[in-house]
Amino acid sequence: MHRFLLILFISYNILVAQKGVITGRIIEEDSQPVVGANIIITGTSFGAASDDKGRYEIRGVPYGQYTLEVSCVGYEKVSKKITIDKEISQINFILRESAVETEQILVTASKFEQRKEDLSVSAFVIKPDLISHKNYIAFDEILRDIPGVQVNLEQVSIRGSSGYSKGVGARVLVAINGIPLYGGDNGDIVWELIPISDIERVEVIKGPASSLYGTSAIGGVINIITKEAAQIPVTYIKSYAGFYDNPSYDIWKWNDNLRTFYGTEISHSSSIGSVGYTLSLKKFDNMSYRQNDYRKNYLGYFKINKTIDANRSILLFGDYLYMDRGNFLYWKDSRNALVPKDEDNGNTVKSNRFFSGFVYNNRFSDNLNSTFKLSYYYTRFDGYGIEVTTSIANLYRAEAIFNYSTKGNFNHTGGIEISGSTVKSNIFSNTKFGGGALYFQTEYRGVKNLIATLGLRYDYIKLDTIQGKNAITPRFGLNYKITRNLILRASAGAGFRAPTPAEVFTTAGIAGGIDVEQNPDLKSETSFSFESGLIYSPSEHLNFDATFYQTDYNNFIEPNLTKTGDIKFINLTKARIQGAEILCAWAAVPSTFNLTFAYNYMWARDVEKNRPMKYRPRNTVNLQIGFTKQPFELNADFRYSSKVEEIDFELTEPPLALIKDGYKRVPVYVIDLAGGVNFVFSNIAAKLKLSVKNLLNYNYVEFIGNLAPIRNYSLSAEIYF
Amino acid sequence: MKKVLLIILISAVFIFRCDGGIEPEPVKPDGPTGFKGAVTFTGNWPAGVKRTHLVVFKKPIQKTDDFFPPNLSFVSDSIPYGSSAFNYNSLENNFLPILQLGEGTYSYVVVAQSKTEEISFERKDWYVVGVYCNNGDQASPKELILRPGEITEGVNIKVDFNNPPPQPPY
């Protein structure tokens, strides 16, 4: 009888229990819907899957407290405690892509899609979630967090390939969607031109890649892959504002105003039928912590992609950047570290840049693919100082890439590339240069667990009246999977870099009576390098990557003081860079607590003089800690590099002493913190981020007489709708 | 998790052991840094000399390249041909103002002559005729020490055309 009453009582309660509906949307961080995500109420049989717009609905849920869990392949699992006490409860989720290192796909290493674990070279991939965690203003800030990558002011170097030469003659090829982004005159990279909000991922190939990419890739490649246009309309607005803290010493305080920086970006992405498009406008200003170092930038960006049919697609994109900035060359002295030398104060540079690329993909068959790339890069700058410097450059490029997979175990990649540039300048002369290249690479997978790669490239470059230069750059690579968790890789190859018009023809005054002399006798530099590495992944969440590398350079081009007291780019007879790098990535608590540690030891020396090469630290450490517990995220980055041994002492010591106290340099210790909260407000995905950069307000230089940014704070707000 | 904490701890120790980095230089005494003295000549001046300078080098000239910046630290105004004495002050008689003398020790102070019309930085175009030295021993150059905010006096050189000093390497 008691049992009967109990059953009756429970049944009654079930019958009269109030029930509700849980509804909501599952979206990615950029507001794109996540289709097919599973939403379950843990411990019950209630659940649903998201539709093509990311919507879901679970009906008949009794009032009560539950844990709602969302999972989807390729995304980090998210759970949330909820209380159902009303008829309809709206619960939205923002999913983040999961980071599984060994499953990363790269296109940069061999110009076709490969898994990272199949490469014979060192590679690093920056995923969009890493970029979204911090308030990066310009792309070079992202690079500072990559192990083995060094940034001196705005000049990037991979494993010591570059010292500092005011951006002239880059040794790292930076590309957007595989199209090089170096200027036609001085071969520099302007980081502000890169649309950070449209980055899908960044692939970094560490070490020479001339056998596929030619000159400028002698130190490595940084390839920025942009996002696919959104399928449904998405508008993204980001606004940030920040300020610099007071300098460490009162005597450095040269201005009582709050030194601020701010920016706003609006972008819209959508598709009309088979045509996808992205448009973006951005304005970003920085008063700077230094006098006469301001920046006012305007960036416009467009991208159109069209899928013609299952085998053909086109991509067209373009960037326009207008920049008005002060030209801070060197500090006055260490007591006036944030003030330029009197004669440089008031120097400004105005510049216009337009970069555009066109990519046409055509799959002829299951085995044969082709890609055609065209690009045009217009640069103009006018420098206003004691004398007016000007340069206008037009750079044109075209490339055809073919990829053929045999039914056996071969994958062949071949290509042809031509480029030409015209320069009109009062400091680089009015020059022209052009060149062409042929390359071929074969990958062989016929031996179990082994992937062998053989590549060869021929380049011909003609710089104005100077005799044309040839280069043949072979490369050989091996990837051997000893066990499922242990991969051995090795590669060896040649590299080359032709001097840029700026290195050959520059004739300009720097300051203090120092002039830059032209050097028409400058030769191309060549290199031979090898590296071997080991990847060990004892578990899905722990990954070790160790590499030993060595590069020998001949005719290495570096700026040097001449016998007459001027600066001239000259060929060092021989240089050698050796090093070892260890990288450890550990998801200590998967999807919640991640840790990355990297250490790089590098010994770069001028072999002839047996002296260290300039501006290259021997030891660098990167430590990144990420904590995510939706809706919160917290990231801490620590960077260390040892004090550089060799600098341009000629500029800092008597008798020239052009840069007073310029000898001052210290090891670098920098901590950056960033915290954010994700939320959905009226169906609008939003994010607030707070960043503190250089938390310790540590004072260091990346180049003589240039104090790095002091502690600064910023707050950013992003919305997607 | 313990390992994580250990790494964080080690990192924290590593970080906080460092100071604040670059600091401003302390205030140095006001006033210029320099030197002065006299060059005296005995014997007959060689024919064809176009220029004669007092020259200061930071380090000894051990190879041809040491003759040029940045080792070349000071060049006085040209001493008129046929002079018997030349009183100078580095602040007033600086022929190459781009070269700045700072505090420090300078190993080789000489009087050098050239027969070229144009100023030349080639070692082969110059001949050393007098050395700032100890006890008249021109093979033992005397160091010139400059202190901040002070003018070092008595930097005298005797040039004897009949008794030329040893020449630095060509």
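We name chains A, B, ... by the order of the sequence lines, and we start the count at 1 in each one. Because only heavy atoms are used, hydrogens play no part in the values below, and waters and symmetry mates are left out as well, while side chains stay in.
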As an exercise, state the distance from CG of Asp661(A) to CD of Glu23(B), rounded to the nearest 0.5 Å. 12.0 Å
Side chain, backbone, both or neither of Tyr249(A) within contact of chain B (heavy atoms, under 4.5 Å): side chain
Under 4.5 Å from any heavy atom of chain B, what part of Val668(A) do you find: side chain, backbone, both or neither? neither
Is it true that atom NZ of Lys660(A) has more than 12 heavy atoms of other residues, nucleotides or ligands lying nearer than 6.0 Å? no
Kindly check if the number of other-residue, nucleotide or ligand heavy atoms within 6.0 Å of NZ (Lys36(B)) is above 12? no
Side chain, backbone, both or neither: which part of Val27(B) has a heavy atom under 4.5 Å from chain A? both
Side chain to side chain contact (heavy atoms under 4.5 Å, CB included) filter on Asp145(A), not counting sequence neighbours, yields Lys134(A), Tyr136(A), Gln624(A), Asp637(A), Arg639(A)
Taking Lys664(A) first and then Glu25(B), would you say they form a salt bridge - that is, a charged N and a carboxylate O separated by under 4.0 Å? yes
More than 12 foreign heavy atoms under 6.0 Å from CG of Asp250(A): is that the case here? no
Taking Pro24(B)'s backbone N and O only, do any of them form a donor-acceptor pair with Arg335(A)'s side chain (distance below 3.5 Å, no angle check)? no
Of all heavy-atom pairs between Trp331(A) and Ile22(B), which one has the smallest distance, and what is that distance? CH2-CG2, 4.3 Å
Which pairs with one or both residues in residues 78-91 of chain B pass salt bridge (Lys or Arg N to Asp or Glu O under 4.0 Å), sequence neighbours excluded? none
